[in-house]
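Single-structure report; data block below.
Naming: A, B, ... by sequence-line order, numbering from 1 per chain. Small disclaimer: the values here were computed from a predicted structure and weren't measured.
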Amino acid sequence: GAVVSQHPSWVICKSGTSVKIECRSLDFQATTMFWYRQFPKQSLMLMATSNEGSKATYEQGVEKDKFLINHASLTLSTLTVTSAHPEDSSFYICSAVKTGTTEAFFGQGTRLTVV
Amino acid sequence: GENVEQHPSTLSVQEGDSAVIKCTYSDSASNYFPWYKQELGKGPQLIIDIRSNVGEKKDQRIAVTLNKTAKHFSLHITETQPEDSAVYFCAASMGGAQKLVFGQGTRLTINP
């Protein structure tokens, strides 16, 4: 149990286009989900907190208009990277907190390459 | 805000030996300290966690200790096996899994 699935696992897109990444909790409900970014051989940096039915809370320095987050249901949050540029290339990871608990479960990550 | 420092950045041990990874945190209000294992190209996997009302927790070959006074916590892996090779991250937060702040990571290599 407690599986979080991200889709796609990897994506290559052209500069200037947008790409959407999905994060689904497959067997539990998650009122809160988190989006992280990880550069090669570095740690995870929190980008934003996504709460079901409300606006996401972004960390300092993260552009909310560039990284659009939608959490429309208790099992799905999406991250859309708009007008992607090569510097947006990174590993994006989501985590979902099982409603009523304090445990977070991570997705397998999405490797985004912008060319 | 919270700051988590993790050492060492790389660790190489012989199979069967023990491995210890240490983390320090800055905010005394932090009360939840999980450890994650991340394999190449995958997301982090929770391996053990500890809360501030406990000093030590063990799960088979893995144990975590917490010293609230000194604000540091450690991961101990005994009888290491090749499949323990991975990057390990510690983290801290003030409310369960809310807003985890991660350490820099430790690349653990188990030599056969």
Side-chain angles (χ1 to χ4, degrees), chain A residues 1-10 21-26 28 30-51 56-62 90-113, chain B residues 1-11 21 23-25 27 29-54 57 59 64 85-109:
Chain A
V3 177
V4 176
S5 177
Q6 274 183 249
H7 179 80
S9 297
W10 59 271
I21 302 169
E22 294 185 347
C23 178
R24 291 182 188 272
S25 54
L26 297 186
F28 65 96
T31 308
T32 303
M33 292 185 176
F34 298 92
W35 286 97
Y36 296 85
R37 185 172 180 174
Q38 185 178 33
F39 290 107
K41 297 187 179 181
Q42 292 191 23
S43 190
L44 287 78
M45 298 300 294
L46 180 65
M47 297 174 68
T49 303
S50 170
N51 292 303
T57 304
Y58 291 82
E59 294 301 300
Q60 195 170 12
V62 178
S90 188
F91 195 51
Y92 292 88
I93 307 172
C94 72
S95 73
V97 180
K98 202 169 186 177
T99 301
T101 75
T102 55
E103 277 188 82
F105 300 93
F106 284 79
Q108 76 274 27
T110 296
R111 182 159 301 286
L112 169 64
T113 303
Chain B
E2 175 65 277
N3 183 51
V4 178
E5 296 287 332
Q6 183 172 345
H7 298 281
S9 55
T10 60
L11 179 60
I21 302 170
C23 287
T24 60
Y25 61 99
D27 195 329
S30 289
N31 57 16
Y32 177 65
F33 308 93
W35 284 89
Y36 293 90
K37 176 183 181 182
Q38 185 178 30
E39 296 176 338
L40 191 62
K42 297 184 179 179
Q45 212 178 1
L46 178 70
I47 55 172
I48 197 167
D49 58 10
I50 193 167
R51 299 180 192 278
S52 59
N53 59 346
V54 175
K57 185 176 178 181
D59 182 3
V64 56
S85 295
V87 178
Y88 290 81
F89 290 98
C90 63
S93 82
M94 283 180 262
Q98 305 298 326
K99 295 195 72 170
L100 292 168
V101 177
F102 284 83
Q104 296 85 347
T106 296
R107 182 170 299 278
L108 175 64
T109 302

Phe105(A) side chain reached by Leu46(B) side chain, heavy atoms, under 4.5 Å: no

Region of Leu44(A) that comes under 4.5 Å of a non-hydrogen atom in chain B: both

Under the side chain to side chain donor-acceptor pair (under 3.5 Å) test, residues paired with Ser9(B) that sit two or more places apart: none

Gap separating the CD atom of Glu103(A) from the OH atom of Tyr32(B), nearest 0.5 angstrom: 6.0 Å

Contact origin within Gln38(B) toward chain A - heavy atom pairs under 4.5 Å: side chain

Toward chain B, the part of Gln38(A) with a non-hydrogen atom under 4.5 Å: side chain

Winner by heavy-atom pair count (cut-off under 4.5 Å) against chain A, out of Gly41(B), Ala91(B), Gly43(B): Gly43(B)

Sequence-distant partners of Glu59(A), salt bridge (Lys or Arg N to Asp or Glu O under 4.0 Å), two or more places apart: Lys99(B)

For the student: nearest non-hydrogen atoms of Ser43(A) and Phe102(B), plus distance: OG-CB, 3.2 Å

Between NZ on residue Lys42(B) and CZ on residue Phe91(A), distance to nearest 0.5 Å: 10.5 Å

Distance-only polar pair, side chains of Gln42(A) and Gln104(B), donor-acceptor under 3.5 Å: no

